[in-house]
Engineer: 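Have a look at this one before I ask anything.
One-based numbering, in listed order, for ligands and for the atoms of each.
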Amino acid sequence: MEKIIEVQHLSKSFGNHEVLRDIDFSVNKGEVVSIIGSSGSGKSTLLRCINLLEKPSSGQIIYKGENILDDKHDTRAYRTKLGMVFQQFNLFNNHDVLGNCIVGQMKVLKRSKEEAEKVAMKYLKVVGMDKYINAKPKQLSGGQKQRVAIARALSMEPDVMLFDEPTSALDPEMVGEVLKVMKELAESGLTMLVVTHEMGFAREVSDRVVFMDKGVIVEEGTPEQIFNNPTQERTREFLKRTLKI
Ligand SMILES: Nc1ncnc2c1ncn2[C@@H]1O[C@H](COP(=O)(O)OP(=O)(O)O)[C@@H](O)[C@H]1O
Ligand SMILES: [Mg+2]
């Protein structure tokens, strides 16, 4: 199995608040890894460290065998290899749907407008938003916005997609359409690291589930292990609380 991202002994503090402590895990090519855990456990900070929106206080992040925290490493090139989808969509409101999906390709990947549009259309079809290319974000529902955000990230043709609670800001009736797209992407072999509150998704779609609590990985395993046979009391507590709601 080819490791794409390997996090070793990663810690992160804000002032003297240690938010992540000695995190070790990896993501293999083609794998879907879900990160679950209560709010405040450090899940977003971990994703933000992986894509270098935050600088880890210590530890290593190895991407395809290279230490990306090394000063000599090309951070910009690395970041283009990661697609990021946020809870709050973060679309450019002044651009239409197609515009949102081509600006990064043109600016960062230096693709021509024609090429960028071709690639964007391919991924807008994948998420079922190709009929909306001229719509502005404010004309779209939350579920549609999130699908455009996914298409925009895919248009950069990243090696790994990182999702940070992509359905948490959505009205309940729109959660399904976004999860369906994510499930299709998972089945297509895309490498995905997904922070989620959707236990159904974590259980049914992931290859591996990582449970975090208070800045540490408490346990990780297959969905079967984590949901049916958790070994740690903290995992059992969390699942009991979460699955009851
Ligand atoms: N930029 C920051 N400055 C200070 N504290 C932060 C910052 N970002 C996150 N934190 C703190 O780190 C902890 C983990 O936050 P976060 O990674 O957002 O957790 P989660 O995504 O699991 O809800 C929280 O206590 C949060 O207040
Ligand atoms: Mg978070």
Engineer: Say whether T235 and E219, considering side chains only, have a donor N or O and an acceptor N or O under 3.5 Å apart.
Structural biologist: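 Indeed, the side chains of T235 and E219 share at least one donor-acceptor pair under 3.5 Å.
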Engineer: Please classify the H17 to ligand 1 contact at 4.0 Å (heavy-atom distances, strictly less than): side chain, backbone, both or neither.
Structural biologist: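 Side chain only.
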Engineer: Strictly below 4.0 Å, N to O, side chains only: are K118 and E114 in salt-bridge contact?
Structural biologist: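 Salt bridge: no.
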Engineer: Any idea which atoms of ligand 1 are less than 4.0 Å away from a heavy-atom of S38?
Structural biologist: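 Those qualifying, in numeric order: 22 (O).
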Engineer: Can you tell me if, anywhere in T45, an N/O/S atom lies at a distance from the Mg ion (ligand 2) that is smaller than 2.8 Å?
Structural biologist: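 It does not; every qualifying atom lies at 2.8 Å or beyond.
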Engineer: Could you list which atoms of ligand 1 come closer than 4.0 Å to a heavy atom of V19?
Structural biologist: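 Atoms satisfying the 4.0 Å criterion: 11 (C), 12 (O), 13 (C), 14 (C).
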Engineer: Indicate whether the side chain of Q139 and that of Y132 have a donor and an acceptor atom separated by less than 3.5 Å.
Structural biologist: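 No - no donor-acceptor pair under 3.5 Å links their side chains.
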Engineer: For atom 14 (C) of ligand 1, is the nearest protein heavy atom under 4.0 Å away?
Structural biologist: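 So far as the 4.0 Å threshold goes, atom 14 (C) of ligand 1 is in reach of a protein heavy atom.
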Engineer: For atom 20 (P) of ligand 1, grab the closest protein heavy atom and report residue, atom and distance to one decimal in Å.
Structural biologist: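 Of every protein heavy atom, G40 N, 3.5 Å lies nearest to atom 20 (P) of ligand 1.
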Engineer: Starting from atom 9 (C) of ligand 1, what is the nearest protein heavy atom, named by residue and atom, and what distance separates them?
Structural biologist: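 Nearest neighbour among protein heavy atoms for atom 9 (C) of ligand 1, to 0.1 Å: F14 CE1, 3.6 Å.
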Engineer: Starting from atom 22 (O) of ligand 1, what is the nearest protein heavy atom, named by residue and atom, and what distance separates them?
Structural biologist: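 Checked against all protein heavy atoms, atom 22 (O) of ligand 1 sits closest to K43 NZ, 2.8 Å.
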Engineer: Just verifying a value: how many Å separate L69 CG and Q8 CD, rounded to the nearest 0.5 Å?
Structural biologist: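 So the gap between those two atoms works out to 10.5 Å.
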Engineer: Ignoring hydrogens and angles, state whether a donor on the side chain of Q225 or N229 is under 3.5 Å from an acceptor on the partner side chain.
Structural biologist: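 Checked: Q225/N229 side chains show no N/O donor-acceptor pair below 3.5 Å.
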Engineer: Side chains of D164 and S44: donor-acceptor distance under 3.5 Å anywhere?
Structural biologist: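 Per modelled atom types, D164 and S44 side chains form a pair under 3.5 Å.
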Engineer: Can you list the atoms of ligand 1 that are under 4.0 Å from a heavy atom of S44?
Structural biologist: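 So the atoms of ligand 1 that pass are 17 (O), 18 (O), 20 (P), 21 (O).
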Engineer: Quick one: does G37 get a heavy atom under 4.0 Å from ligand 1?
Structural biologist: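 No, that is not the case, since the closest heavy atom of the residue is not under 4.0 Å from the ligand.
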Engineer: Is any heavy atom of the protein nearer than 4.0 Å to atom 27 (O) of ligand 1?
Structural biologist: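 No, no protein heavy atom sits under 4.0 Å from atom 27 (O) of ligand 1.
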Engineer: Ion pair present between R234 and E237, side-chain N to carboxylate O less than 4.0 angstrom?
Structural biologist: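 No salt bridge links R234 with E237.
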Engineer: Looking at atom 16 (P) of ligand 1, what's its closest protein heavy atom, distance included?
Structural biologist: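 Scanning the protein heavy atoms, the shortest distance from atom 16 (P) of ligand 1 goes to T45 OG1, 3.6 Å.
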Engineer: Strictly by modelled atom types, are Y63 and D159 linked by a side-chain donor-acceptor pair under 3.5 Å?
Structural biologist: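 Side-chain D/A pair, Y63 to D159: present.
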Engineer: Below 4.0 Å from ligand 1: does a non-hydrogen atom of R48 turn up there or not?
Structural biologist: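 No, R48 has no heavy atom closer than 4.0 Å to ligand 1.
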Engineer: Side chain or backbone, does G42 bring an N or O within less than 3.5 Å of an N or O on ligand 1?
Structural biologist: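 Min N/O separation from ligand 1 is below 3.5 Å for G42.
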Engineer: Whether the N100 and H95 side chains hold a donor-acceptor pair (N or O, under 3.5 Å, no angle test) is what I'd like checked.
Structural biologist: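 No.
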